[in-house]
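So that the names make sense, note that chain A is the first sequence line, chain B the second, and so on, each numbered from 1.
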Number of protein chains: 2
Amino acid sequence: MPRHEPSAAHTRTVVGRAPAANTEDRMGAFHARLKDKGLKSTGQRDDIARVFFGIGRHISAEELYAEVKKINPHVGYATIYRTLRLLRECDLLQERHFDEGQARYEATDERHHDHFICERCGKIIEFQNDSIERLQEAVARELKAELRRHKMELYGICGDCLARGER
Amino acid sequence: MPRHEPSAAHTRTVVGRAPAANTEDRMGAFHARLKDKGLKSTGQRDDIARVFFGIGRHISAEELYAEVKKINPHVGYATIYRTLRLLRECDLLQERHFDEGQARYEATDERHHDHFICERCGKIIEFQNDSIERLQEAVARELKAELRRHKMELYGICGDCLARGER
DNA sequence: CTAGTTGCAAATGTTTTGCACAAAC
DNA sequence: GTTTGTGCAAAACATTTGCAACTAG
């Protein structure tokens, strides 16, 4: 559930996440995109995609592999990676590289957002701040450059960890 | 040479780079930090650090290895990586992970800055925008979180490539 | 039937490490 | 003379790929 917080002049930060399209809607979109591309729907692809859409956010390939194994022990790592790439090519997922060795994946959201990553508990909080987005465009204009995309990640200690008082 | 560009209300973007501390100053700092830590100065460390400080910015380990080989063909890859880590531990370099497989390294600058990366020519432009920094702090406050560091990279087509008109 | 898909194992690319030898302090 | 550093080759790690067998359309 998104929630608005009052904030400093000209700033509005939205924290949280709109109710996501449900898993079956996304599965339908996946099947449609596959058909468009002349590719096949298979049991493995369905299992992987359904687990991915159902499980939520910021999952790693390793975690996804473990989850998929529970319902279909036969799938291999290669198929996980190939299906993740396919979902990306269908614009149904986004790949993120936070400060770890491995990539994390999230279902594409209608809304663009950036991330706050807690360095203590690892929690990833999504937020949206239009003022920052506008300033990024302004920077690009000053460079006479064309801005296509950006990456912004804030790292620190989340409110819960601070409240828990563990230093 | 830093240069100021006029910009939209409340925004000031600084592009470019202050005259860097010179190589010998940085070498002196390196030797001092090594002594503090009870570590040794060696020919290899000096060769690697001097090449790194002299060569400028955003170099990869591979490029640094090639450059160092020119003046000291005997050094190994492992020593490059070990010296890069050491320089990081001495706060004399920063490691960056842009959208490539390999890390890039830059000498620590007195000024914090972020990067614009041209997706066509690969050029990396540094900039500084205090308004964005303030808004990042504001986001953290709204999350009741403590902001420790951030990563912001803008990707697009740089002014030179646009002017060159290649689409 | 046939193009597309899978699992496995092997390859990849970057970075790290174990270890015997060498060099600083 | 210890302690720390080095080079090499091998390991680690996340991800990709070749290939023969398989399966959806």
Side-chain angles (χ1 to χ4, degrees), chain A residues 27 30-52 58-90 93-105, chain B residues 27 30-52 58-90 93-105:
Chain A
M27 290 302 292
F30 185 35
H31 290 147
R33 303 275 213 300
L34 286 177
K35 181 164 268 184
D36 287 351
K37 289 173 186 274
L39 300 176
K40 294 172 179 167
S41 290
T42 67
Q44 288 92 324
R45 283 179 181 172
D46 283 1
D47 289 342
I48 294 167
R50 203 180 304 277
V51 169
F52 172 70
H58 312 119
I59 194 172
S60 67
E62 187 184 5
E63 290 161 355
L64 182 58
Y65 176 71
E67 286 301 318
V68 172
K69 278 271 176 183
K70 291 181 188 169
I71 63 163
N72 183 347
H74 200 53
V75 294
Y77 244 117
T79 303
I80 297 285
Y81 278 107
R82 285 191 274 233
T83 303
L84 286 170
R85 188 200 304 170
L86 189 54
L87 286 165
R88 172 158 41 80
E89 286 164 1
C90 292
L93 83 69
Q94 308 270 132
E95 186 176 327
R96 308 277 180 189
H97 290 90
F98 301 132
D99 272 0
E100 312 155 286
Q102 27 168 28
R104 292 192 168 269
Y105 304 87
Chain B
M27 289 303 291
F30 185 35
H31 290 146
R33 301 275 214 300
L34 286 176
K35 181 164 271 185
D36 287 351
K37 290 174 186 275
L39 301 176
K40 295 169 182 171
S41 289
T42 68
Q44 287 93 324
R45 282 179 180 172
D46 283 0
D47 289 342
I48 294 167
R50 204 181 303 278
V51 168
F52 171 71
H58 311 120
I59 196 172
S60 66
E62 187 183 6
E63 290 160 355
L64 183 59
Y65 176 72
E67 287 301 317
V68 171
K69 279 270 176 185
K70 292 181 188 169
I71 63 162
N72 183 346
H74 200 53
V75 294
Y77 243 117
T79 305
I80 298 285
Y81 278 107
R82 286 190 273 231
T83 304
L84 287 170
R85 186 199 306 170
L86 190 53
L87 286 164
R88 172 157 41 80
E89 286 165 1
C90 293
L93 83 68
Q94 308 269 132
E95 186 175 328
R96 308 277 181 189
H97 291 89
F98 301 132
D99 272 0
E100 312 154 288
Q102 27 167 30
R104 292 191 167 271
Y105 304 87

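- DNA chain C is contacted by both A/Val75 and B/Ala78; A/Val75 maps to the nucleotide lying nearer its 5′ end (nearest heavy atom per residue).
- When atom types are taken as modelled, the side chain of A/Arg33 and the backbone of A/Leu86 share no donor-acceptor pair closer than 3.5 angstrom.
- Listed in residue order, the members of residues 32-45 of chain B having a heavy atom less than 4.0 Å from DNA chain C are B/Lys40, B/Ser41.
- For the helix from C/dC1-D/dG25 to C/dC25-D/dG1, the end axes, each set by the C1' atoms of five terminal pairs, are bent relative to each other by 30° (nearest 10°).
- The side chain of B/Tyr81 places no N or O atom within less than 4.0 Å of a non-bridging phosphate oxygen (OP1 or OP2) of C/dT16.
- Taking a 4.0 Å limit (strictly below) on heavy-atom distances, residues 60-70 of chain A does not reach DNA chain D anywhere.
- From the 5' end on, the contacts that DNA chain D makes with chain B at under 4.0 Å to a non-hydrogen atom open and close at D/dT3 to D/dC8.
- For the side-chain contact (heavy atoms from CB on, under 4.5 Å) test, residues two or more places apart in sequence or in another chain that qualify with B/Glu95 are B/Arg88, B/His97, B/Ala103, B/Tyr105.
- Annotation: side chain to side chain donor-acceptor pair (under 3.5 Å) contacts of A/Asn72 (sequence neighbours excluded): A/Asp47.
- For the pair A/His97 NE2 and C/dG13 P, the computed distance is 17 Å after rounding to whole Å.
- Of the candidates C/dT15, C/dT17, C/dG7, C/dG7 carries the atom nearest the A/Arg82 side chain, counting heavy atoms from C-beta on.
- Residue B/Arg104 has no polar side-chain atom (N or O) positioned under 4.0 Å from OP1 or OP2 of C/dT14.
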